[in-house]
Amino acid sequence: MKIDEGRVVEEIRRVKPRLVLLSCPEGYLRQVEDLASRLEREFGVETMVSADLCYGVCDTADLEALKLGADLAFHIGHRSGFTRIGERTVMVDVFDDADFSKVIEKAVALLKPYRRLGLCTISQHLHSLDSAKGLLESAGFEVYVGKGHERLLDGQVMGCRFTTSFSIRGEVDALVFLGQSRFHAVGVALSSGKSTFMLDPYSETVEDMGVQAEQWGKRTVLQIYKAVDAKRFGVIVGLRDGQMLSAQAVHLKKRFQKHGREARLITLREVTEERLAPFRDLDAFIQTACPRISIDGSVFSRPVLSTPQAEALFGI
Ligand code: SF4
């Protein structure tokens, strides 16, 4: 993994901050700690490293930086169409140097039945898209990469945004996801309705996501049906910067009330079984924070539906 340190240094030289806050996903913490101590030595700047969980581009530490009096916040590791977020957050890319050539070589035989392929990936592999496209084209495939949209760059998917793969579903016979995230690969399969293959450069394996997508799809529907008889709902507003959809939560609460159910608003940073346990009188929850929580998150004893699942529930 390589952090785009040039971007960090450029901003430090420009802003000349007294205090900077650095946040990143857990897996990068050691590298970020090392970067922080080098920044202190080389630029005489005070640094703080956020050890809080950091989930995505929705989860910057902009407000924390403001409260701490930091002049800059570096959000490291979630590349997107945004280069800055909020008043003081600078987005810093991390590049994974994984090599896709071997796994692409293995995938060619399996992908033969599909002539036209759509290619997508997550932020840390975006720089590998062009070379992967070239390799697949040399093997005789027609390869398409979906155009970036809003916060998504060309070919990029996020756990809550699959516009780039969805937009090319009519032009391709199958989709190829580069990386090692079943959650994202299944999301590509479910949102596009196309055969989807995950090419994992670390294990050098090619996985057809069909069976898993079907299982996840069924699980999603099952959760909705489990909430059908619920009388009292907790509607959760996420407190992470980009997940704070309070207007949407208030709207959902009113709709539940119109449908003759009780509904109450709850705010949470971490939506876990433990945090929901004290709300014993509630039968089910809707969380407006992040779709991943309902699909891939903790195991909940009561239904915890995402907003699209809640929409489906209203339709039953
Ligand atoms: S999937 Fe969830 S964590 Fe990832 S960007 Fe979307 S809201 Fe944030």
Side-chain angles (χ1 to χ4, degrees), residues 23-29 50 52-64 73 75-86 89 91-94 96 120-126 146 148-166 177-192 196 198 209 212-213 216-217 219-220 223 235-249 252 266-272 275 285-298 300 304-311:
S23 64
C24 64
E26 207 174 355
Y28 304 155
L29 264 180
S50 167
D52 259 344
L53 292 171
C54 172
Y55 292 114
V57 70
C58 59
D59 194 11
T60 67
D62 204 65
L63 287 176
E64 284 90 334
H75 181 94
I76 298 171
H78 294 117
R79 192 175 175 197
S80 80
F82 300 147
T83 51
R84 291 171 181 278
I85 289 184
T89 298
M91 307 301 281
V92 178
D93 299 344
V94 170
D96 187 324
C120 57
T121 189
I122 43 179
S123 67
Q124 65 266 33
H125 298 302
L126 279 171
H149 179 68
E150 293 175 349
R151 65 177 66 174
L152 294 179
L153 295 164
D154 289 356
Q156 181 179 18
V157 291
M158 286 181 191
C160 53
R161 280 182 170 74
F162 296 94
T163 326
T164 51
S165 49
F166 183 78
F177 171 80
L178 301 176
Q180 194 187 42
S181 167
R182 288 206 173 88
F183 172 73
H184 288 92
V186 166
V188 170
L190 287 175
S191 60
S192 66
T196 300
M198 180 173 83
M209 304 314 294
Q212 206 157 342
W216 284 34
R219 207 163 72 202
T220 307
Q223 282 172 349
V235 183
I236 301 166
V237 183
L239 289 183
R240 295 178 184 278
D241 284 5
Q243 299 184 351
M244 220 181 278
L245 304 176
S246 51
Q248 192 181 87
L252 281 168
I266 298 166
T267 64
L268 265 181
R269 276 189 75 76
E270 289 294 324
V271 185
T272 62
R275 305 311 311 156
F285 299 88
I286 310 297
Q287 58 82 20
T288 57
C290 164
R292 190 162 190 164
I293 295 167
S294 299
I295 301 169
D296 192 30
S298 329
F300 297 106
V304 178
L305 307 185
S306 63
T307 312
Q309 285 176 307
E311 288 298 336

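Just follow the structure's listing: the first ligand is 1, and inside any ligand the first atom is 1. Numbers for residues simply follow the sequence, beginning at 1.
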Option of least heavy-atom distance to atom 8 (Fe) of ligand 1 (set: Ser306, Gly56, Pro291, Cys58)
Cys58
Considering Cys160, Ser80, Ser123, which one's heavy-atom position lies nearest to atom 6 (Fe) of ligand 1?
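Comparing heavy atoms across Cys160, Ser80, Ser123, the nearest one to atom 6 (Fe) of ligand 1 lies in Cys160.
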What do you reckon, is CZ of Phe166 surrounded by more than 12 foreign heavy atoms closer than 6.0 Å?
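Check fails, neighbour count at 12 or below.
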Is it true that the side chains of Gln287 and Ser294 contain a donor and an acceptor less than 3.5 Å apart?
yes
Which of the atoms of ligand 1 are close to Cys290, meaning less than 4.0 Å from one of its heavy atoms?
1 (S), 2 (Fe), 3 (S), 7 (S)
Atom indices of ligand 1 within 4.0 angstrom of Gly159 heavy atoms, with elements
1 (S)
Tell me if a side-chain donor or acceptor on Gln309 pairs with a main-chain N or O of Thr220 at a distance below 3.5 Å.
yes
Ala185 and Thr196: which non-hydrogen atoms are nearest, and at how many Å?
O-CG2, 3.7 Å
